[in-house]
Amino acid sequence: MVVPPAPSPRERAAVTMLVEEVEKRTQITWPVAGAGSGPRITISRGNGPPEGYRLSVRGNDVELSGNDERGILFAAGRLLRELRMERGRVEIPGTLDIVTAPKYPLRGHQLGYRPKTNSYDGWSVPVWEQYIRDLAVFGTNAIELIPPRSDDAADSPHFPLPPMRMMTEMSRLADRYGLDVWIWYPAMDKDYSDPKTVEFALNEWADVFRKLPRVDAVFVPGGDPGHTRPKDLMALLERQTRSLKRFHPKAQMWVSPQSFSEEWMNEFLGILRNQQPEWLSGVVFGPQVRLSLPKLREAVPKKYPIRHYPDITHSRQCQYPVPDWDVAYAVTEGREVINPRPEDEANIFRLLEPYTIGFITYSEGCNDDVNKIVWSALGWDPDAAVTGILREYARYFIGNAYSDEFANGLLALERDWRGPLATNEGVYNTLVQFQKMEHAATPQMLATWRFQQALYRAYYDAYTRKRLLYETGAEQSAMDRLRSGNVDEAESILDRPMPADPWRARCFELAEALFQSIRMQLSVERYKAISMDRGATLDTIDYPLNNRAWLKERFTELRALASDAGRREKINEILNWTNPGPGGFYDGLGNLTAQPHLVRGPGFEKDPAFLESSLVGFGARGTYRMSVWTHAESLVDAPLQMRYTGLDPKARYKLRVIYGGDSPRRKIRLAANEKFEIHPLIAKPVPYAPLEFDIPAEATAGGELRLSWTGEPGLGGNGRGCQVSEVWLIKK
């Protein structure tokens, strides 16, 4: 390797990265010199757009020419992605001439060293350096840190260093490679209209700013966490900006209107339009912003750029949930599962990123590693093919021999989450794909955490489908026994466990491997995860996938009834739960196969945040019927709608409805045909139970009926609450 004379420390860091990453994969050490003859890689400085570079290959000569320090770093990363490496051998395609620069100036990821994450809190400084290198290889130019005090516990059993010391080390590492350092800094104190609270915050934040080697920007979320009126928040941030610049004169201050109510959003936008504060560098679009990104861009003055803060780490109850997720996945794999979603993430990126200057993603661990790489690569080149990105990912992290197989496997894992699990036979095919790689893998590949993650998901998905089919069949058999009145035999069938399964055992082995390799905490008890919804999927691997708990409660009630007639009536109620009677209709709104009357709206392809579309959500569990574990919902102030056609114009109808969901305190309203109020805003009955309402004859006189549910208007927070689980339209 021939390097330029007097390379800067960051250029030397890029060269070191290139040499060491090749050596790790090949055991070949490239000598570095100021000049040389024979086959060589020449690194030089060029001219052109910021961060851009040229990579050319002619015969035995490779030339990397970076337009600036970052250009050299990213050129080295691109070379690593193009190399075909194996033990004792390095190859590169014979002719390459790549001249490129990034489309978006900001391409980053939040790396929060805090207890809430599913792995980050167990990472040492060398692990962080390796991960920062891995991200830089794919074009990442920024990381976002979290201060010692946030909405987390102060300590973690996994911390190798105290939070402030690790934050300082991570800032130093980013600066070594020339990456920007952002801080996600929530304003969580109770009352920032109190001067004493403001002074406390100024001193606390200044102490953090003072200790960090590099800070390029601070992002303060308006909520989630935090709950400060915009006028008080902006006054605080003006003073915090002055404090920040004492230690980092070029650092910027950004803010998001997350969790704002309609009133607070209007106040926030009014401040931007009327006062146009000079200290504010830009606005962030993140989770729980009640406006869509295009509408926010239209509302915010043009002088303020917008940065995207996309949640790439969660799968449900989040900014960009998995569309049409099966309830079996939702209750076992949960909110923070290993979640490669390359096609989904590309759709979100291409739809929304043009309204921004770029992104720093919201991440709470390495479960979303594939998604990070997809965002970084698309941030550089939005036209890059997803399959090409995944092949580079596989070639670099898994091995050249598996570039196609592993890339296809990641796409298959995403497809496994499409539609009803019971009919998705492709889940087993995906496992076969990964088992072939597993059986042919070297010990080094089996120890690679990225391979372990994908393998874990393949086994977990397949085991979940096998168990779903078994438990669904058991429930059907139990219902057959119940029809004959044999309650004890029906319960015995439900309680019969599924035979021990090797796929389940393999999940436990891989969970241990992942804890050892990358400190993934897939269990609260075994690996001290902070909670089950923070990636502890091992703890929910056997969660019931049928109505066993609900039925056992009903069986207890049956045994307590004194009369045969009473028992028969209760049995009929159980067996005919979804039967609306002659001329009626039933919708299980959270069941992908039972929503014929749901108005879905634009859908994920055009509306990935579901701000204008209906969404399948997940809430209550326990001893509720499975049909109440799920629901359809609309977000913020959008209505949730159903449409019926072919009704009897002369008939009278009544509506039976169960309001479920994860927001039992939110009130809900129902109207028919936009003009008949079926009921005003009411509180949901808890425990969730059926309610019945008459439908005015005028509403169905035309043979059609439109139902429209809305929540309490103008609220802030996560926007959830308009959630409906089951609907019966019954002909009287």
Side-chain angles (χ1 to χ4, degrees), residues 327 420 422 472 475-476 478-480 482-483 546-547 550-551 553-554 557-558 566-600 614 616-617 619-620 624-634 639-661 668-673 676-679 682 684-685 687-709 722-732:
V327 64
T472 301
E475 182 174 325
Q476 291 170 349
M479 293 302 95
D480 289 340
L482 188 62
R483 284 187 178 88
N546 60 15
N547 286 304
W550 180 79
L551 285 168
E553 279 198 346
R554 305 290 80 74
E557 294 171 358
L558 280 169
R567 281 193 294 274
R568 175 49 58 185
E569 181 180 354
K570 174 63 71 173
I571 288 173
N572 285 336
E573 178 185 317
I574 295 169
L575 295 174
N576 294 291
W577 182 265
T578 63
N579 184 356
F585 305 89
Y586 169 81
D587 285 72
L589 291 182
N591 183 340
L592 303 177
T593 65
Q595 312 165 316
H597 303 99
L598 180 65
V599 178
R600 299 183 66 87
S614 64
V616 171
Y624 284 110
R625 199 172 183 276
M626 280 186 74
S627 52
V628 185
W629 295 3
T630 65
H631 54 265
E633 65 184 335
S634 59
L640 179 67
Q641 298 178 315
M642 296 179 68
R643 181 174 179 266
Y644 298 85
T645 59
L647 301 182
D648 183 349
K650 298 180 181 179
R652 296 294 304 273
Y653 291 87
K654 69 176 180 178
L655 192 77
R656 179 184 300 152
V657 58
I658 294 182
Y659 295 135
I668 194 167
R669 175 183 182 269
L670 172 60
N673 300 349
F676 302 102
E677 185 175 75
I678 305 303
H679 67 72
I682 60 171
K684 302 173 184 178
Y688 295 130
L691 300 173
E692 292 192 356
F693 306 94
D694 286 328
I695 301 295
E698 301 95 318
T700 56
E704 294 189 10
L705 174 66
R706 296 184 306 280
L707 298 177
S708 181
W709 285 272
C722 186
Q723 300 168 326
V724 184
S725 290
E726 296 181 90
V727 177
W728 297 257
L729 185 63
I730 300 170
K731 189 175 181 180
K732 298 173 70 173

Peer 1: Is there a side-chain contact between Val727 and Tyr644 (heavy atoms, below 4.5 Å)?
Peer 2: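 Val727 vs Tyr644: side chains touch.
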Peer 1: Working to the nearest 0.5 angstrom, can you tell me the gap between Lys684 NZ and Gln723 CD?
Peer 2: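 Those atoms lie 4.5 Å apart.
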Peer 1: At what distance, to the nearest 0.5 angstrom, does CD of Glu698 lie from CZ of Phe676?
Peer 2: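 Glu698 atom CD to Phe676 atom CZ measures 5.0 Å (nearest 0.5 Å).
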Peer 1: Check for a donor-acceptor pair, side chain of Ser614 on one end and backbone N or O of Val599 on the other, with a separation under 3.5 Å.
Peer 2: yes
Peer 1: Quick check: do Ile695 and Lys732 have side-chain heavy atoms less than 4.5 Å from each other?
Peer 2: no
Peer 1: Please check: side-chain N/O of Trp550 versus main-chain N/O of Met626, any donor-acceptor pairing under 3.5 Å?
Peer 2: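 Here the side-chain-to-backbone pair does not exist.
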Peer 1: What is the minimum heavy-atom distance between Gly617 and Glu633, and which atoms define it?
Peer 2: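 Looking at all heavy atoms of both residues, the shortest contact is CA-OE2, 3.7 Å.
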Peer 1: If you apply the rule side chain to side chain contact (heavy atoms under 4.5 Å, CB included), what do you find for Arg625 with Thr578, and how did you get there?
Peer 2: CA-CA 12 Å; Arg625 199 172 183 276; Thr578 63; 4.0 Å; yes
Peer 1: Counting only N and O atoms by type, is there a donor-acceptor contact under 3.5 Å from the side chain of Glu692 to the main-chain atoms of Lys654?
Peer 2: no
Peer 1: So which atom in Ala672 and which in Leu705 form the shortest heavy-atom distance, rounded to 0.1 Å?
Peer 2: CB-CD1, 3.9 Å
Peer 1: Side-chain contact test, heavy atoms from C-beta onward, threshold under 4.5 Å: evaluate it for Arg554 versus Glu573 and give yes or no.
Peer 2: no
Peer 1: Any idea which heavy atoms bring Trp629 and Val327 closest together, and the distance?
Peer 2: CE3-CG2, 4.1 Å
Peer 1: Any side-chain heavy atom of Val657 sitting closer than 4.5 Å to one from Leu670?
Peer 2: no
Peer 1: Does any part of the side chain of Arg706, heavy atoms only, come nearer than 4.5 Å to the side chain of Gln641, both counted from C-beta?
Peer 2: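 A side-chain contact under 4.5 Å is absent here.
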Peer 1: Taking the side chain as every heavy atom from C-beta outward, state whether Leu558 and Leu482 have any atom pair closer than 4.5 Å.
Peer 2: yes
Peer 1: Which heavy atom of Tyr586 sits nearest a heavy atom of Ser627, and at what distance?
Peer 2: OH-CB, 4.1 Å
Peer 1: Is it the case that atom CD in Glu569 sees more than 12 heavy atoms from other parts of the structure closer than 6.0 Å?
Peer 2: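 No.
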Peer 1: Can you name the nearest heavy-atom pair linking Asp480 to Arg483, along with the distance?
Peer 2: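 Minimum heavy-atom separation between Asp480 and Arg483: OD1-NH1, 3.0 Å.
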Peer 1: Heavy-atom distance under 4.5 Å between the side chains of Leu729 and His597, does that happen here?
Peer 2: no
Peer 1: Output the distance between atom CG (Leu691) and atom CD1 (Ile678), rounded to the nearest 0.5 Å.
Peer 2: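 Taking CG in Leu691 and CD1 in Ile678, the distance rounds to 13.0 Å.
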Peer 1: Could you tell me whether Tyr659 and His679 have their ring centroids closer than 6.0 angstrom?
Peer 2: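 Between His679 and Tyr659, which both carry aromatic rings, the centre distance is below 6.0 Å.
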Peer 1: Taking side chain as C-beta onward, heavy atoms only, is Val724 less than 4.5 Å from Met642?
Peer 2: no
Peer 1: Which atom pair, heavy atoms only, marks the closest approach of Lys731 to Ala651?
Peer 2: CE-CB, 3.6 Å
Peer 1: Please report the interatomic distance CG(Leu707) to CG(Asn673), rounded to the nearest 0.5 Å.
Peer 2: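 CG of Asn673 is found 8.0 Å from CG of Leu707.
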Peer 1: Looking at Thr630, is its backbone amide N or carbonyl O close enough to the side chain of Ser725 to form a donor-acceptor pair, meaning the two atoms are under 3.5 Å apart?
Peer 2: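 Yes: the side chain of Ser725 pairs with the backbone of Thr630.
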Peer 1: Give, for atom CG of Leu598 and atom CZ of Arg643, the distance between the pair rounded to the nearest 0.5 Å.
Peer 2: 13.0 Å
Peer 1: Check whether any side-chain N or O of Glu704 sits under 3.5 Å from a backbone N or O of Thr645 as a donor-acceptor pair, and report yes or no.
Peer 2: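 Looks like no, no N/O pair under 3.5 Å.
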Peer 1: What distance separates Tyr688 OH from Ile658 CD1, expressed to the nearest 0.5 Å?
Peer 2: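 If I round to the nearest 0.5 Å, the distance is 11.0 Å.
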